Amino acid sequence: MARMVDLLIIGAGPFGLALAAEARALGIDYVMVGRPMEFWEQNMPAGMYLRSASDWHLDPRNDATIERYLAERGLTPADVEPLSLDFYLGYVRWFQAQKQLTALPRYVDKLDITDGGRFVAHLDDGSSVAANAVAVAVGFKYFKHQPDDVVALLPSGRYAHTCDLVDFAPLRGQRCLILGGRQSAFEWAALIHEAGAVAVHVVHRHPSPAFAAADWSWVNGLVENMVADPGWFRRLPPAEQAAVSRRLWEEGRLKVEPWLEARVRVPGVTIWPETAVTHTAEAANGDILVDLSNGAALAVDTIILATGYKVDIARVPFLAQGNILPRLATRNGFPVLDEHFQTNVPGLFVTSMPAGQDFGPFFGFTISVRTSARLIGQALAGAPDGVTG
């Protein structure tokens with residue numbers, strides 16, 4: 001027999017945890033499936049720092065905040081910013097304890113919807129959960145971007161995406177090539193060099209970004225105001241949507257954090273702006289021989305793709321395996337969402353990065369978790385019997 005709940009939350013990262021906290025506050029019977037913060041723990045490197053500050057907390061009710069977590073420890077934001085990955089994971093564990101949040105540590109293999117409109121999630125241990133509503137909060141996991149034109153130039157088996165290469169100890173003594181020129185490329189370069197790589201090359205087609213603090217202050221108000229006006233972004237004319245997206249892109253992509261500069265402006269790290277790989281070959285001794293568009297030639301041992309993430313909802317396996325995907329309205333790889341993150345399939349909600357087309361690019365950042373949770377909560381609490389569908 002399947003366990004029956006009002007709400008199934010698939011994913012236990014920041015978006016899933018914030019929604020679980022809101023569901024609990026609203027008295028909604030829910031189950032959250034996933035291993036809390038697994039992607040952060042397994043696909044981000046030790047020693048990494050976040051770009052967000054202490055005001056980007058998880059609690060939709062503004063109680064279990066990072067500021068309160070610090071105050072209980074006799075600390076201030078100035079003591080911990082920039083926030084380390086370890087610090088943030090510690091805060092999240094505290095948040096879970098404060099909100100009494102638990103997760104079923106399983107994976108969803110397949111999500112189906114019955115003729116009566118009820119969802120059934122088939123889990124990897126053979127069990128199942130039935131729910132009146134489902135919120136998909138899977139984050140970046142399925143959306144790593146490995147551009148076809150770049151991969152076509154690389155030797156098979158000799159490259160990895162940044163999210164898959166987070167243990168840098170094996171790179172000690174190696175020569176590494178990082179393809180990309182944004183925050184992750186420079187941070188991986190610093191960490192790999194500090195782990196003992198003998199040479200790190202950072203190659204990107206565009207000019208190098210500035211080492212400057214990003215200004216996120218204007219984002220907070222826009223995202224928070226979406227609770228009262230969730231259609232704000234989608235109502236903007238296309239040119240104004242593009243301008244907002246461009247402004248966020250400039251802060252997030254045309255700048256990298258200033259604390260990185262001293263760590264990459266060092267012997268052993270070479271930055272190659274406005275340059276691309278034109279050819280690679282494997283030498284008999286195992287070297288990867290790389291030709292660059294500026295005429296330079298490199299010999300390296302490992303290639304890392306710092307090429308980010310790109311949403312294609314069809315790549316979420318449990319949607320593709322079940323009977324949901326053929327029914328799901330999409331545009332440009334994104335699900336089409338209403339003003340409460342609900343898809344055209346009644347009762348199915350999608351948040352985090354896949355919500356970016358309808359709600360704006362802010363939903364690739366944790367600043368958005370509280371707004372997401374509150375809007376989905378409003379839809380669930382406002383529907384008959386507390387659920388949609």
Side-chain angles (χ1 to χ4, degrees), residues 12-18 20-21 36-101 139-140 162 166-168 182-195 209-224 248 251-266 269 362 364-373:
F15 282 85
L17 289 166
M37 300 299 285
E38 182 180 51
F39 184 84
W40 291 66
E41 291 180 340
Q42 296 188 4
N43 299 92
M44 298 184 188
M48 192 186 93
Y49 287 89
L50 279 62
R51 305 196 72 182
S52 54
S54 299
D55 56 341
W56 288 21
H57 65 84
L58 296 182
D59 191 359
R61 301 298 171 112
N62 295 311
D63 174 38
T65 64
I66 294 177
E67 289 91 341
R68 182 182 148 202
Y69 176 68
L70 288 169
E72 290 186 2
R73 285 151 182 77
L75 299 171
T76 69
D79 295 323
V80 296
E81 292 178 357
L83 303 181
S84 70
L85 175 62
D86 282 347
F87 170 86
Y88 189 72
L89 291 173
Y91 160 69
V92 175
R93 288 190 291 271
W94 174 84
F95 174 80
Q96 289 176 252
Q98 293 294 307
K99 295 296 181 177
Q100 302 178 51
L101 305 179
F140 294 4
T162 48
V166 296
D167 179 6
F168 302 140
R182 306 303 182 193
Q183 177 74 17
S184 62
F186 285 89
E187 190 158 13
W188 261 244
L191 290 167
I192 289 170
H193 170 73
E194 291 159 6
F211 291 96
D215 176 16
W216 306 111
S217 60
W218 60 280
V219 176
N220 296 26
L222 292 180
V223 174
E224 290 167 3
L248 191 74
E251 294 298 332
R253 302 294 181 262
L254 297 189
K255 298 176 182 178
V256 296
E257 295 301 314
W259 41 262
L260 274 173
E261 184 168 15
R263 297 171 61 189
V264 298
R265 302 286 194 196
V266 293
V269 177
F362 325 105
F365 298 85
T366 58
I367 181 62
S368 303
V369 300
R370 304 189 301 270
T371 292
S372 166

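Below, all heavy atoms of this structure are taken into account, side chains as well, without hydrogens, waters or symmetry copies. Quick note: residue numbers are just sequence positions, from 1. Computed from a prediction, not measured in an experiment: that's the story for all the values here.
Looking at every heavy atom in both residues, Leu260 comes nearest to Gln183 through CD1-NE2, 3.5 Å. Shown here for Ala21 and Pro60, the closest heavy-atom pair between the two residues is CB-CD, 4.4 Å. Scanning all heavy atoms of the two residues, the minimum distance from Phe140 to Gly364 falls at CZ-O, 3.3 Å. Minimum heavy-atom separation, Glu41 to Pro36: OE1-O, 4.2 Å. Nearest approach of Ala214 to Arg51, heavy atoms of both residues: CB-NH2, 4.2 Å. Residue Lys255 comes nearest to Ala213 through the heavy atom pair NZ-O, 3.5 Å, listed as atom of the first residue, atom of the second, then distance.
A salt bridge links Arg370 with Glu224: the closest approach of a Lys/Arg side-chain nitrogen to an acidic carboxylate oxygen falls below 4.0 angstrom.
Across Leu191, Val269, Val256, a single residue satisfies side-chain contact (heavy atoms from CB on, under 4.5 Å) together with Phe186, and that is Val256. For the side-chain contact (heavy atoms from CB on, under 4.5 Å) with Leu58, the lone residue among Val92, Leu101, Thr65 that qualifies is Val92.
One distance of note links CG of Leu248 with CG of Leu222; it measures 9.5 Å at 0.5 Å rounding. Atom OG in Ser368 sits 9.5 Å away from atom CG in Asn220 (nearest 0.5 Å). In this structure, the separation between CZ on Arg68 and CZ on Arg73 is 9.5 Å, given to the nearest 0.5 Å. To the nearest 0.5 Å, atoms CE (Met48) and OG1 (Thr162) are separated by 10.0 Å.
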* Asked: What do the steps show when you test Tyr91 against Leu83 for side chain to side chain contact (heavy atoms under 4.5 Å, CB included), and what is the final call?
  -> CA-CA 10 Å; Tyr91 160 69; Leu83 303 181; over 6 Å; no
* Asked: Run the side chain to side chain donor-acceptor pair (under 3.5 Å) check on Trp94 and Glu72 step by step: do they pass?
  -> CA-CA 11 Å; Trp94 174 84; Glu72 290 186 2; 3.3 Å; yes
* Asked: Would Ser217 and Asp215 count as a side chain to side chain donor-acceptor pair (under 3.5 Å) if you check the C-alpha gap in whole Å, the side-chain angles of each, and the deciding distance to 0.1 Å?
  -> CA-CA 6 Å; Ser217 60; Asp215 176 16; 2.6 Å; yes
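Taking the six-membered ring for Trp, Phe87 and Tyr69 have ring centres closer than 6.0 Å.
Not one N or O on the side chain of Tyr49 forms a donor-acceptor pair closer than 3.5 Å with the backbone of Trp259. Remark: the backbone N or O of Thr76 is paired with a side-chain donor or acceptor of Asp79 at under 3.5 angstrom. The main-chain N or O of Val223 is found under 3.5 Å from a side-chain atom of Thr371 such that the two form a donor-acceptor pair.
In this pair, Phe365 and Trp216 present their aromatic rings tilted. The plane angle is within the 30 to 60° band.
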